[in-house]
Amino acid sequence: MARRSSRSLISRYGADTAFMTFVALLMAFLYVPIWVLITFSFSSSRSLTWPIPGFTLDWYRKLFANADLQTAVWNSFYVATFATLLALMVGVAAAMALHRYDFPGKTLFRRLILLPITLPGIVTGISMLNMFSLFGFPLSLETVIFGHATALLGVVVTQVYARLQRLPRSLAEASGDLGATPLRTFLYVTLPNLRSAIIGAGLLSFVLSFDEIPVTFFLTGRDNTLPMYIYSTMRRGVTPEINAVGTLIVLASLVLIVISVVVTRDKRS
């Protein structure tokens with residue numbers, strides 16, 4: 001009996017060790033390149049050689065002196081912010097309509113909303129380019145915003161609709177029975193329960209818009225976003241300035257993650 005128990009413990013320990021080893025290797029595969037990027041952003045050498053000869057902050061100084069790169073970063077934040085806001089406004093309303101109303105063609109409507117996210121970006125970009133050209137709209141950052149919002153609509157609808165499916169209808173009904181208007185019910189009952197889903201969809205949409213290349217390539221005019229700027233400089237290789245930008249973006253992402261955790265955590269008295 002004792003021998004059988006010992007074998008069971010050894011088997012369980014071996015399985016746990018193998019699983020933890022796999023997780024450690026997977027995390028290393030995901031995060032070691034990020035640490036390499038951060039390390040090279042402080043390298044005193046322009047060439048990406050290892051080990052690095054020394055540490056310096058010159059690349060960050062050159063980054064803040066590079067007007068074209070700063071403009072590209074600002075354009076990316078501008079496009080990602082407004083594309084996310086537009087996708088949230090349309091996506092939340094569409095998810096509410098899908099959840100609350102039954103109408104002819106509802107299933108088809110759901111499929112059509114999810115279609116842009118399932119299509120390759122190059123197809124969405126060419127389609128939007130043809131549409132803007134047909135209606136005579138000049139290509140600009142605004143056309144990029146509409147293109148990104150169209151592609152991100154499926155992300156918002158999917159997450160918000162999934163949360164609405166788990167939300168009891170009795171909450172809205174009870175609010176109506178107590179005399180609340182539909183608007184007050186939405187603001188004080190439905191919206192607080194959707195907060196984490198909306199924030200999650202917004203953060204995911206922002207990240208996807210920020211690094212989008214295919215749609216941006218077809219819809220941008222003279223203005224460059226950060227991914228397009230990096231793509232155009234790849235002929236000269238990855239410079240330490242690009243590594244510095246990547247490091248700052250990683251830092252901003254960590255700040256956003258912390259903010260989202262603080263905002264979405266349960267408030268307990």
Side-chain angles (χ1 to χ4, degrees), residues 30-31 34 73-74 76-103 106-107 109-118 124 142 144-212 215 225 248-269:
L30 293 175
Y31 289 103
I34 297 178
V73 173
W74 163 251
S76 290
F77 275 105
Y78 170 74
V79 169
T81 299
F82 283 94
T84 299
L85 291 176
L86 183 58
L88 286 175
M89 287 189 295
V90 179
V92 172
M96 294 286 295
L98 286 172
H99 175 70
R100 183 169 298 180
Y101 304 108
D102 291 322
F103 51 88
K106 180 178 178 178
T107 303
F109 180 62
R110 284 185 57 189
R111 299 294 185 270
L112 290 177
I113 286 180
L114 298 178
L115 181 62
I117 197 175
T118 61
T124 303
E142 284 69 33
V144 177
I145 289 173
F146 280 103
H148 286 193
T150 301
L152 297 173
L153 190 59
V155 175
V156 178
V157 172
T158 301
Q159 295 202 29
V160 176
Y161 183 73
R163 178 59 57 85
L164 285 170
Q165 291 293 98
R166 298 196 300 269
L167 188 64
R169 291 179 179 266
S170 58
L171 294 178
E173 295 172 356
S175 176
D177 292 340
L178 293 173
T181 62
L183 180 59
R184 289 180 64 87
T185 299
F186 174 75
L187 293 177
Y188 294 102
V189 178
T190 306
L191 191 59
N193 285 283
L194 297 178
R195 181 181 60 181
S196 59
I198 293 175
I199 292 176
L203 291 175
L204 180 58
S205 298
F206 184 90
V207 171
L208 292 176
S209 175
F210 192 89
D211 64 0
E212 174 64 36
V215 176
T225 60
L248 294 178
I249 292 175
V250 170
L251 180 61
S253 300
L254 292 176
V255 172
L256 288 177
I257 291 173
V258 172
I259 292 175
S260 66
V261 170
V262 172
V263 171
T264 58
R265 68 180 178 180
D266 294 333
K267 295 182 179 179
R268 304 188 183 202
S269 56

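What's counted below: heavy atoms across the whole structure, side chains too, no hydrogens, waters or symmetry copies.
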Parallel, tilted or perpendicular: ring planes of Phe77 versus Phe210, cut at 30 and 60 degrees: perpendicular
Step-by-step side-chain contact (heavy atoms from CB on, under 4.5 Å) determination, Leu204 to Gln159: CA-CA 10 Å; Leu204 180 58; Gln159 295 202 29; 3.4 Å; yes
By side-chain contact (heavy atoms from CB on, under 4.5 Å) - contacts of Leu248 (at least two apart): Tyr60, Leu63, Phe64
Any residue meeting ring pair (Phe, Tyr, Trp, His ring centres under 6.0 Å) with Phe82, in chain and number order, not counting sequence neighbours: Tyr78
Can you give me every donor-acceptor pair (side chain of residues 144-156, partner residue at least two apart or in another chain, under 3.5 Å) with its distance?
residue : atom : partner : partner atom : Å
His148  : ND1  : Ser209  : OG           : 2.7
His148  : NE2  : Thr216  : OG1          : 2.8
Thr150  : OG1  : Phe146  : O            : 2.8

Straight-line distance of Thr158 OG1 to Arg163 CZ, nearest 0.5 Å: 13.5 Å
